[in-house]
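Presented below is the structure to which this report refers.
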Amino acid sequence: MEANGNIALIGFMGAGKSTVSHYLRDKLGMDEVETDEMIVEAEGMAITEIFDRYKEPYFRDCESRAVKALQHRSRVVISCGGGLVLRQENVTNLKKNSRIVLLTASPETILERVKDSSERPVLNGHMNTEYIAQLMEKRREAYEAAADLVISTDGKTVEEIGEELIHKLSLR
Ligand code: S3P
C-alpha cells in the first residue's frame with residue numbers, strides 16, 4: 001500500500017472508531033468518512049429505517065457499495081460500520097488502499113458506550129454484556145483476520161489510542 005493510503009478503523013459497535021477517527025483527522029490532516037454516514041446519505045434514511053424496511057442483507061450491500069466508492073480515494077480515515085468486515089469482499093477492497101486497524105474493548109466497556117443509543121438495530125432488545133460478548137466472539141475471527149494492527153482501547157484516552165496508532169503505523 002502506498003504512503004498516501006487510507007486508514008480503515010474497524011471493530012465492534014462502541015469500540016471508539018468515530019472518536020479515534022476525528023482525532024486522526026485533526027492530527028494528521030486527513031479527510032474523514034464514516035461508511036454509515038455515506039449510506040444514510042445515499043439512501044436518504046436512517047440506518048434503523050434501512051434495517052426496518054429493507055432488512056440487514058440490503059444494508060450489507062450498501063456497505064459493499066460504500067467501500068467500492070472509496071477505492072480511489074487517498075489520505076482518508078474510514079470509520080467502518082461494525083459489521084462491514086464480516087464480508088470478505090469488503091476486506092479485499094479495503095486492503096487495496098488502506099491499512100486496517102482493529103479497535104477492541106471489553107463487553108463491559110462497549111455496553112457502557114452504547115447503552116443509551118437506539119440507533120444500533122443489531123443490539124436492539126439485547127443491551128446486555130452477555131449478548132455483546134457472544135456477538136463479539138462470533139465476529140472475533142473475522143475482525144482479527146482483517147486487521148493489520150490491533151489496538152485495545154480499554155482504559156485509554158482518545159489521545160493515547162490515537163498516538164499509539166500513529167506510532168505503530170509510523171505515520172509521523
Ligand atoms: C453494525 C454497526 C453499526 C452500523 C449498523 C450495524 C454492526 O455501526 O453499521 O448498525 O453490525 O456491527 P457502528 O459500529 O459505527 O456502531
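As the structure lists them, so they are numbered: ligands from 1, and atoms in each ligand from 1. Predicted model only: the values in this text are computed from it and were never measured. Positions are given from 1, in the same order as the sequence printed here.
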Would you indicate which of Met136, Arg60, Glu119, Arg120 comes nearest to atom 11 (O) of ligand 1 when only heavy atoms are counted?
Arg60
Specify the protein heavy atom at minimum distance from atom 14 (O) of ligand 1: its residue, its atom name, and the distance to 0.1 Å.
Lys17 NZ, 2.5 Å
Where is the nearest protein heavy atom to atom 12 (O) of ligand 1: which residue, which atom, and how far?
Arg139 NH1, 2.7 Å
Backbone N/O of Leu28 and side chain of Arg75: donor-acceptor pair under 3.5 Å:
yes
Considering only protein heavy atoms, which is closest to atom 4 (C) of ligand 1, and at what distance to one decimal place?
Asp36 OD2, 3.2 Å
Within the side chain of Lys17, is there an N or O that forms a donor-acceptor pair under 3.5 Å with the backbone of Gly11?
yes
N/O of Gly14 under 3.5 Å from N/O of ligand 1, yes or no?
no
Quick note on ligand 1: atoms under 4.0 Å from a heavy atom of Gly81 include exactly 8 (O), 9 (O), 14 (O)
Quick check against the 3.5 Å criterion: does Asn93 have a side-chain atom that pairs as donor or acceptor with the backbone of Lys68?
no
Main-chain N/O of Glu130 paired with Asn128 side-chain donor or acceptor, under 3.5 Å:
yes
What protein heavy atom sits nearest atom 10 (O) of ligand 1, and how far off is it?
Pro121 CD, 3.6 Å
If I apply the N/O under 3.5 Å rule, does Phe51 come out as touching ligand 1?
no
Does the Asp154 side chain pair with the main chain of Thr109, one donor and one acceptor, at a distance under 3.5 Å?
no
Does a donor on one side chain and an acceptor on the other come within less than 3.5 Å for Thr35 and Glu63?
no
May I ask whether Glu56 places a heavy atom under 4.0 Å from ligand 1?
no
